[in-house]
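For clarity, every value in this text was computed on a predicted model and none was experimentally measured.
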Amino acid sequence: MTQDIQSLRTQIANEVKSASNLKALDDVRVSVLGKKGRITALMKTLGAMSQEERQTKGRDINILKDEIADLIKHQENALKKQEMDARLSSETLDITLSPRQDYMGHIHPISQTIEELTVIFAAMGFHVAEGPDIEDDYHNFTALNFPPGHPAREMQDTFFLPETQDEEGEYAKKLLRTHTSSVQIRHMENNKPPHKIICFGRTYRSDYDLTHTPMFHQMEALMIDEKTNMGHLKGCIMDFVRAFFEIEDLPVRFRPSFFPFVEPGAEIDIGCSRKDGGLKIGAGDDWLEIGGSGMVHPNVLKNCGLDPEKYQGFAFGMGIERMAMLKYGIPDLRTFFESDLRWLRHYGFNPLERPNSASGVKS
Ligand code: FA5
């Protein structure tokens, strides 16, 4: 039997080494380790042996099996490398060819807007943070100072998911986040102050008309340290909207407003004019609301383990579609999600010219 194993090992090793492609190697593998393979057949002989014999033979067969499996793996890696080398030397791609305009893909205005915003906020020293679309009630509402049963929870028409059991066995309803403010909470919970983050993402509300869709995108900024005040909030927003709309003297107005997670809270308006049914961003006689802002509420800081006597700062958030519609003159929000190629070719952006801080935010 020992002799059998040795000669079988030599025979199989030769077969493995002479397999010149992956298909041939797999045939060898099946003939050795498959259901009707030679080593599998050897294993089956163990049943008829005495206890003592089974122990030694069993060990020998297992060693053989492991050795052959290693040899096959080794040969497989070598063959894969060989195939890749052959492909790399035979296939060539001329990347100097300019793409044909009619076939070239386009960057969706949402992706473009997110990249523009990233460039602007990165230059101000913000980091990008992320959070999950499927949230729990705590991060979307409770930690943000929405009291249980408070009507403010109804301000955002929430999509609740069916009740599920969590790791502790508690039953709870998850939900689709109604705003990106939940990311503030997750970031503060998991990181040490100071905080200076920006976040972009999908948000969901039961809403549908010309200016509302059930899924839309929001951005959220958060800055917390020991000194940040309302003046910094105003300065940051003014710099950002002026850079985004590329209008140096764009008027910005802060209007007192209520959000449970900020105190004081303010709605952000930018100047515009509405003449002859059109809308023009810039100095004019009218105002347009673009988002909400405020100083982070002491309760929110406490909920995230920060001492409100020591730390303070601002947060603001706005709809990304709204920003894109205003900047690029897109009249209907619903068209963003209709996947109409003609729309994308018209409103989309050149993928080869991405926004960056050197060339400006527009492509
Ligand atoms: C909020 O969601 C707050 N979390 C913003 C905030 C952050 C305030 C930090 C203070 C501090 P609001 O519900 O107003 O606020 O929504 C913000 C923006 O999301 C709106 O101005 C609008 O542009 C956009 N938005 C809201 N609902 C929809 C919708 N159904 N479709 C498209 N955009 C929407």
Legend entry - Test side chain to side chain contact (heavy atoms under 4.5 Å, CB included) applied to S273 - qualifying residues, sequence neighbours left out: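 Per chain and number, S273 pairs via side chain to side chain contact (heavy atoms under 4.5 Å, CB included) with K280, D285.
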Inset, instruction - Mind checking side chain to side chain contact (heavy atoms under 4.5 Å, CB included) for H74 and listing every partner two or more places apart, or none if nothing turns up? - result: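 Counting only residues at least two positions away or on another chain, H74 forms no side chain to side chain contact (heavy atoms under 4.5 Å, CB included).
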Hey, does the side chain of [X] reach the backbone of [Y] with a donor-acceptor pair shorter than 3.5 angstrom?
X: T113; Y: P109; value: yes
X: D26; Y: L22; value: no
X: Q218; Y: T203; value: no
X: R38; Y: I12; value: no
X: D60; Y: I63; value: no
X: T40; Y: G34; value: yes

Legend entry - Where at least one partner belongs to residues 308-325, residue pairs that pass side-chain hydrogen bond (donor to acceptor under 3.5 Å, both in side chains), sequence neighbours excluded: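 Found H217-E321.
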Inset, instruction - Could you tell me whether W343 and H106 have their ring centroids closer than 6.0 angstrom? - result: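 Ring centroids of W343 and H106 are no less than 6.0 Å from each other.
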Legend entry - Near-ring test F254/F316, centroid separation under 6.0 angstrom: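 Centroid distance F316-F254: not below 6.0 Å, so no.
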Legend entry - Y204 and D133: side chain donor to acceptor below 3.5 Å: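 Yes, D133 and Y204 have a side-chain donor paired with an acceptor closer than 3.5 Å.
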Legend entry - T335 and D340: side chain donor to acceptor below 3.5 Å: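 No, because no side-chain N or O of T335 sits under 3.5 Å from a partner of the opposite role on D340.
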What pairs with [X] under salt bridge (charged side-chain N to carboxylate O under 4.0 Å, His left out), at least two apart in sequence or on another chain?
X: R274; result: D286
X: R186; result: E135, D136
X: D70; result: none
X: K192; result: none

Inset, instruction - With sequence neighbours left out, write down each residue that passes ring pair (Phe, Tyr, Trp, His ring centres under 6.0 Å) with F126, or none if nothing qualifies. - result: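 Checked F126 against ring pair (Phe, Tyr, Trp, His ring centres under 6.0 Å); matches are F121.
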Inset, instruction - Under the ring pair (Phe, Tyr, Trp, His ring centres under 6.0 Å) rule, collect the residues that match up with H187, sequence neighbours excluded. - result: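 Checked H187 against ring pair (Phe, Tyr, Trp, His ring centres under 6.0 Å); matches are H195.
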Could you pull out all donor-acceptor pairs under 3.5 Å where a side-chain atom in residues 256-270 meets a protein atom, sequence neighbours excluded?
| from | atom 1 | to | atom 2 | distance (Å) |
| --- | --- | --- | --- | --- |
| S257 | OG | E267 | OE1 | 3.0 |
| D269 | OD1 | R255 | NH2 | 2.9 |
| D269 | OD2 | R253 | NE | 3.2 |
| D269 | OD2 | R253 | NH2 | 2.9 |
| D269 | OD2 | R255 | NE | 2.7 |
| D269 | OD2 | R255 | NH2 | 3.3 |

Inset, instruction - Could you check K81 against D85 for side-chain contact (heavy atoms from CB on, under 4.5 Å), going step by step and ending with a plain yes or no? - result: CA-CA 6 Å; K81 184 173 180 308; D85 288 347; 3.0 Å; yes
Inset, instruction - Could you list all the salt bridge (charged side-chain N to carboxylate O under 4.0 Å, His left out) pairs where at least one residue sits in residues 228-244, not counting sequence neighbours? - result: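 Qualifying pairs: none.
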Legend entry - Hydrophobic cluster partners of M84 (side-chain heavy atoms under 4.5 Å):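 Under the 4.5 Å side-chain rule, M84 groups with L88.
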Legend entry - Working for side-chain contact (heavy atoms from CB on, under 4.5 Å), residues M323 and K327: CA-CA 6 Å; M323 302 288 285; K327 184 164 177 179; over 6 Å; no
